[in-house]
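Not measured: the values here are computed from a predicted model. The first residue of the sequence shown is numbered 1, and numbering continues consecutively from there.
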Amino acid sequence: MPLTNNATHYGGIAKTLHWLTALLILTLIPLGIIATDAPFSSSEELAQKAWLFSLHKTLGVTVFFVGLIRILWALTQPKPALLNVDKPVESLLAETAHWLLYGSLVLVPLTGWIHHAAAEGYAPIWWPFGQNLPFVPKSPELSHTFSALHGILEKVLMFTIIAHVLGAIKHHFIDRDATLLRMLPGYPATGPLDKPRHSFAPLGVALVIWAAALGAGAGLGLFKTPEGAAPAPELAAVASDWTVTGGDIKISIKQMGSTVEGHFADWTAAITYDEAAESEVKGNTEVTISIPSLTLGTVSDQAMGPDYFDATTHPTAVFKADLVQTDAGNQAVGTLSIKGYEQPITLPFDLTIEGDTATANGTVTLDRRNYHVGDAQSDEGTLGFSVDVAISLTATR
């Protein structure tokens, strides 16, 4: 069997790439559906779900490169003429399907890849590269947008495959021509000997179909960032000797071996502090944190659930501590209450006071199990036990 194409048949390389692509896509589509619908209420279920998604993503990246190779090969080869050139409408539909299929080989895996690269944590790609992409920042909004694009383009691909298969069946059983057979290995060259006639009209139709699908997706609100399940409480203003003018509370945790970072957008701090006090205790603080204000990559909504922060029932966390200065440095010594579970913690921090302005930075590592966050995730390889907390603030007296 010749490896290259000519005017009457497809060569061995084109046929191999065609059937390899078909095998990959027909594996990926049901695999993605199964992974999406898989439960994740326990460590074992979450690990299985992540494994399915990792397989889906890895095969998706494979399709991307196979698709590029197939397109590049097609550009170097003559394309055999259609066997139904005497039927212009059918020819237009067939060529449009080819454009949609070739475009999908790049667009569907690429949008999925960008969705993955913009997300934090969860289900890594098994290739030795590709967890991150150049010029793609970690952004839940960007990840959601490309997830929606991936889903819409995937639907176009699915309908195109169905039409492509039905067309091949029609050619074989109704028209009784060699359209299907000439893509099979070993089938002899067949087809019209006149010069193939192709136009850019099918490309225009394909672009219209993609635009219509994206417009329909936008009309259905698929690009809108979903709102969190738990309403964020309005934290009351607090009386404080020091007024916080800026700062952040950040957390990070390992999920499936990847670091997921987040921060709380809303919190208050009541602070008393007198650096001239003679005792080690220089003051105290009470920090109230709005749990639903947490942004934690693509798992923000999951983190609000009953097995995690249970934000609907417990919308705030509270840290109460004495501010102590010893030879070892500054420490906030007190308790942290999350979900009604209170644990003692000591938070070391660096403090700089210039006039009436103070800046403080501190870090502490918590064990999520002490607060019954993610009890069902008992495997540290699935969800890390340690949660790193970093606090920074600027306050004026």
Side-chain angles (χ1 to χ4, degrees), residues 34-55 119-124 138 140 143 226-233 235 249-267 286-321 332-347 363-391:
I34 293 170
T36 300
D37 294 340
F40 54 93
S41 58
S42 68
S43 292
E44 293 75 15
E45 289 179 344
L46 182 59
Q48 178 67 16
K49 187 181 184 76
W51 187 89
L52 290 169
F53 267 119
S54 287
L55 179 59
E120 292 193 76
Y122 193 64
K138 296 294 183 184
S143 180
E227 297 180 359
L235 298 182
I249 299 177
K250 298 179 180 179
I251 66 172
S252 66
I253 188 171
K254 289 282 188 180
Q255 185 182 43
M256 301 296 176
S258 299
T259 300
V260 182
E261 297 180 340
H263 78 105
F264 294 93
D266 191 17
W267 50 278
E286 180 173 333
V287 180
T288 302
I289 304 167
S290 170
I291 296 298
S293 73
L294 172 65
T295 299
L296 192 62
T298 56
V299 296
S300 298
D301 291 341
Q302 181 183 342
M304 297 299 109
D307 189 47
Y308 297 92
F309 280 109
D310 194 10
T312 300
T313 307
H314 303 282
T316 60
V318 178
F319 175 51
K320 297 180 180 179
V333 182
T335 60
L336 174 63
S337 175
I338 301 175
K339 293 177 63 176
Y341 299 99
E342 188 173 271
Q343 291 289 322
I345 67 169
T346 298
L347 169 67
T363 60
V364 67
T365 298
L366 308 176
D367 189 328
R368 64 174 175 83
R369 297 172 296 179
N370 291 335
Y371 302 95
H372 296 273
V373 174
D375 278 346
Q377 311 306 328
S378 57
D379 180 3
E380 189 171 16
T382 302
L383 184 65
F385 298 150
S386 298
V387 181
D388 295 327
V389 182
I391 298 176

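- Taking every heavy atom of both residues into account, A123 and A50 meet most closely at CB-O, 3.6 Å.
- The closest side-chain heavy-atom distance from V318 to V287 is not below 4.5 Å.
- Pairs engaging residues 42-52 under the salt bridge (Lys or Arg N to Asp or Glu O under 4.0 Å) rule: none recorded [sequence neighbours left out].
- Of all heavy-atom pairs between A119 and S143, the closest is CB-OG, 3.6 Å.
- With hydrogens and angles disregarded, a donor-acceptor distance shorter than 3.5 Å links the side chain of R368 to the backbone of G374.
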Working note: L294 + M304, criterion side-chain contact (heavy atoms from CB on, under 4.5 Å); need CA distance, chi angles, decisive distance, verdict.
CA-CA 9 Å; L294 172 65; M304 297 299 109; 4.0 Å; yes
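- Here the side chains of L383 and I253 are in contact, with some heavy-atom distance below 4.5 Å.
- A donor-acceptor pair is defined here as one N or O able to donate and one able to accept, closer than 3.5 Å; such a pair exists between the side chain of S293 and the backbone of S290.
- The shortest side-chain heavy-atom distance between L52 and T36 does not fall under the 4.5 Å cut-off.
- Between the CG atom of D266 and the OG1 atom of T288 there is a distance of 10.0 Å, given to the nearest 0.5 Å.
- The environment of NZ in K320 is sparse: at most 12 heavy-atom neighbours from other residues, nucleotides or ligands sit within 6.0 Å.
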What side-chain donor-acceptor pairs closer than 3.5 Å can you find for residues 332-347, not counting sequence neighbours?
unit_1: K339; atom_1: NZ; unit_2: Y308; atom_2: O; d: 2.9
unit_1: K339; atom_1: NZ; unit_2: H372; atom_2: O; d: 2.7

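- Closest approach of S54 to P124, counting heavy atoms only: OG-O, 2.7 Å.
- Contacts of D367 classified as side chain to side chain donor-acceptor pair (under 3.5 Å), with partners at least two apart in sequence or in another chain: R369.
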Stepwise side-chain contact (heavy atoms from CB on, under 4.5 Å) test for I289 and T316:
CA-CA 5 Å; I289 304 167; T316 60; over 6 Å; no
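- By the 4.5 Å heavy-atom criterion applied to side chains, S252 and D388 are counted as neighbours.
- Once rounded to the nearest 0.5 Å, the distance linking CH2 of W267 with CG of L235 reads 11.0 Å.
- Residues forming a side chain to side chain contact (heavy atoms under 4.5 Å, CB included) with P140 (at least two apart in sequence, or on another chain): T295.
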Identify every side-chain donor-acceptor pair in residues 254-264 under 3.5 Å, counting partners at least two apart or on other chains, and give the distances.
unit_1: K254; atom_1: NZ; unit_2: T259; atom_2: OG1; d: 3.1
unit_1: H263; atom_1: ND1; unit_2: D248; atom_2: OD1; d: 3.2

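- Residues passing the side chain to side chain donor-acceptor pair (under 3.5 Å) test with D307, sequence neighbours excluded: none.
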